[in-house]
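Sequence positions, counted from 1, serve as the residue numbers for this chain.
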Amino acid sequence: MPKIIIADNPLNDAAVAREILPAELDAVVARPGTPEFQAALADAVCLVGFGEPFMDDSFYRAAPHLKLVQLLSAGYDRCDIEAARRAGVPICNNGGANATAVAEHAILLMLAACRRLVWQHGNVASARWRGNAVSDVRLFELKGRTLGIIGLGRIGKKTARLARAFGMTVQYYDVIRLGEDQADDLGVTFALFEEVLRTSDIVSLHVPLTMNTRHMIGAAQLRLMKPGAYLVNTCRGPVVDEAALIEALSNGTIAGAGLDVFEQEPPPPDNPLFALPNVVLSAHFAGPTQENQYTRFRNAFDNCQRVLRGETPLWVVPELS
């Protein structure tokens with residue numbers, strides 16, 4: 001019976017994996033680095049889990065029968081792509097399993113930032129009732145505002161659909177452009193990267209972390225944005241130069257930000273972002289929901305079955321496809 005390893009991780013609900021595991025798959029659930037995990041590598045055909053820095057050439061030598069690394073995440077920046085290439089093992093992402101959750105979270109951060117939700121909650125919880133005193137704070141609606149999406153993959157597209165439902169105008173930049181009919185169906189228009197930054201009221205980032213996207217938003221790009229604009233990041237922290245963002249938020253270059261990811265995770269307790277009144281923060285928790293625990297494992301097991309049937313897997317990361 002083909003053996004797969006399901007990497008034990010706090011982000012996974014192992015009970016869900018066991019519940020929907022196909023009968024023809026012999027699965028070992030083990031924490032990476034444990035003797036049980038290392039022993040299972042010798043016979044493993046598929047690995048289901050997250051990209052880990054230890055998955056180098058020696059890892060693939062220890063797993064001579066491995067035919068698939070199936071990620072439960074959308075991101076693959078922790079993977080050693082060249083080691084996988086040398087081993088001839090495809091790495092596949094989760095097929096958009098968490099796309100709905102991340103898109104919803106991006107909209108959540110937009111709403112929370114524009115309505116200063118954290119500030120409002122703090123006032124009420126501290127008995128500083130402000131009621132409807134509009135002179136104290138300026139709050140903004142999403143309707144009628146322009147959303148600029150950087151990276152129009154699965155998550156970016158779902159974010160665009162939700163934003164359109166809120167009455168927003170949506171423009172996007174991506175290295176892969178939609179056809180005109182596709183753009184019309186989605187209700188988005190293409191704009192150049194710097195054009196998106198200059199003309200959007202909210203910029204939402206949905207790109208993978210690669211050499212080309214690391215610090216793609218830095219001081220120069222932030223200066224292009226409107227003083228009243230907001231930046232939302234639910235992809236990867238190092239896509240943004242965090243020091244430059246802190247400076248921009250502190251001096252009024254942009255109005256605010258909603259961040260689910262950070263350059264260092266977890267961020268240090270003295271991170272200056274924690275003291276800024278114009279940011280909304282969450283703990284890299286845009287993706288995991290109860291619903292997509294099922295979706296991510298369902299997609300993973302389907303891909304394992306495809307590979308075991310001798311078929312080409314779905315969702316191979318671009319660098320290996």
Original post:
Do the side-chain N and O atoms of Glu19 and Tyr294 include a donor-acceptor pair separated by under 3.5 angstrom?
Top reply: yes
**OP:** Measure the CD-CG distance between Glu195 and Leu224 for me, rounded to the nearest 0.5 Å.
**Re:** 11.5 Å
**OP:** Check side-chain contact (heavy atoms from CB on, under 4.5 Å) between Gln221 and all other residues, then give those that pass, not counting sequence neighbours.
**Re:** Phe193, Leu197, Ile217
**OP:** Answer with yes or no whether the side chains of Thr210 and Asn212 bring together a donor and an acceptor at under 3.5 Å.
**Re:** no
**OP:** Report the residues that fulfil side-chain contact (heavy atoms from CB on, under 4.5 Å) with Ile81, sequence neighbours left out, ordered by chain and then residue number.
**Re:** Tyr76, Cys79, Arg85, Ile91, Val317, Glu319, Leu320
Original post:
Just checking, any donor-acceptor pair under 3.5 angstrom between side chains of Ser204 and His206?
Top reply: yes
**OP:** Verify the neighbour count for atom NZ of Lys67: are there more than 12 heavy atoms of other residues, nucleotides or ligands below 6.0 Å?
**Re:** no
**OP:** Would you give the length of the straight line joining atom CG of Asp26 to atom CD1 of Ile5, rounded to the nearest 0.5 angstrom?
**Re:** 10.5 Å
Original post:
Hey, what do you get for CG (Asn123) to CZ (Arg128), rounding to the nearest 0.5 Å?
Top reply: 4.5 Å
Original post:
For the side chain to side chain contact (heavy atoms under 4.5 Å, CB included) test, which of Leu259, Val261, Asn233 pairs with Val240?
Top reply: Asn233
Original post:
Listed by chain and number, what are the side-chain contact (heavy atoms from CB on, under 4.5 Å) partners of Pro267, not counting sequence neighbours?
Top reply: Phe262, Asn271, Phe274
**OP:** Would you please say whether a donor-acceptor pair under 3.5 Å links the side chains of Asp13 and Gln293?
**Re:** no
Subject >> Pairs meeting criterion salt bridge (Lys or Arg N to Asp or Glu O under 4.0 Å) with involvement of residues 149-164, two or more places apart >> reply: none
Original post:
Have Glu311 and Gln305 got a donor and an acceptor in their side chains that come within less than 3.5 Å?
Top reply: no
Subject >> All side-chain contact (heavy atoms from CB on, under 4.5 Å) counterparts of Thr189, not counting sequence neighbours >> reply: Gln171
Subject >> Minimum side-chain heavy-atom gap Thr213-Met216 below 4.5 Å >> reply: yes
Original post:
Mind checking what makes ring pair (Phe, Tyr, Trp, His ring centres under 6.0 Å) contact with Phe297, not counting sequence neighbours?
Top reply: Phe301
Original post:
Are side-chain N/O atoms of Asp260 and Ser282 paired as donor and acceptor at under 3.5 Å?
Top reply: yes
